[in-house]
Amino acid sequence: DAGVIQSPRHEVTEMGQEVTLRCKPISGHNSLFWYRQTMMRGLELLIYFNNNVPIDDSGMPEDRFSAKMPNASFSTLKIQPSEPRDSAVYFCASSLKPPSDAEQYFGPGTRLTVT
Amino acid sequence: QKEVEQNSGPLSVPEGAIASLNCTYSDRVSQSFFWYRQYSGKSPELIMSIYSNGDKEDGRFTAQLNKASQYVSLLIRDSQPSDSATYLCAVNMYLPDTGNQFYFGTGTSLTVIP
């Protein structure tokens, strides 16, 4: 059974460009999470969806970040315009249980470098 | 104060010893607790979840939860070099204003020395 799928695995872009990260959750999972991980700040929750509806986006750093989940099998995280401080590994995770006791399964991550 | 705190380590133990990883959290409405393992360059992998006070054992791993002390720990018995990784503590908290909030600690780096 396939796990969480993320693309691209690596992205290098110049400051000011738009970046779109993609995620396909595990089939049947109804919660999806976007995280950012850096050495300085560790793993930070950016936003999570339950049944395709954004529940909590308080972790989204600013208006340059946006996330969508148009259906149960696909989500995007967009950064426009990108900045060097956005460089990080971005993880998508999904879970089957309700968010209150979610055991989350992580994708392989997208390593973003903004120059 | 951070919501979830862990000693960053590094923690080094000899092969075959017990590794003890600790985590404290700041809020009493926390509901569920998780331990993830992350190898260098890889994604976090769930290894244990615990929801009630006491111990929960799964193979060589034991999670311990003490809600009164706001403390959760992970014991790894008979440590193996393959256990060398960063261990992340995660806590789900329910807050009346914002609902469920998830927080990860910054992780403890464990090295098992052959």
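Naming convention: chains lettered A, B, ... in sequence-line order (proteins, then strands); numbering from 1 in each chain.
Residues K42(B) and F91(A) approach most closely at O-CZ, 3.9 Å, considering heavy atoms. Summarising the geometry of P44(B) relative to F106(A), their closest heavy-atom pair is O-CB, 3.5 Å, with the distance given to 0.1 Å. Across Y36(B) and E103(A), no two heavy atoms sit closer than the pair OH-C, 4.2 Å.
S43(B) contributes a side-chain N or O that, together with a main-chain N or O of G107(A), makes up a donor-acceptor pair within less than 3.5 Å.
The neighbour count for N71(A) CG, taken as heavy atoms of other residues, nucleotides or ligands under 6.0 Å away, is above 12. Counting heavy atoms of neighbouring residues, nucleotides and ligands inside a 6.0 Å radius, atom CG of D83(B) exceeds 12 of them. Within a 6.0 Å sphere centred on CZ of R64(A), heavy atoms belonging to other residues, nucleotides or ligands number more than 12. The local environment of NZ in K56(B) is crowded, with over 12 non-hydrogen atoms from other residues, nucleotides or ligands closer than 6.0 Å.
Neither the backbone nor the side chain of E45(B) comes within less than 4.5 Å of any heavy atom in chain A.
Interface check for chain B: of the options M39(A), Q37(A), E44(A), the most heavy-atom pairs under 4.5 Å are formed by Q37(A). Ranked by heavy-atom pairs shorter than 4.5 Å toward chain B, the options V89(A), V4(A), L45(A) are led by L45(A).
No single ILVMFWY cluster, assembled from side-chain heavy atoms under 4.5 Å apart, contains both V13(B) and L75(B).
T115(A) meets the side chain to side chain contact (heavy atoms under 4.5 Å, CB included) test with V12(A), E14(A), T113(A); sequence neighbours excluded.
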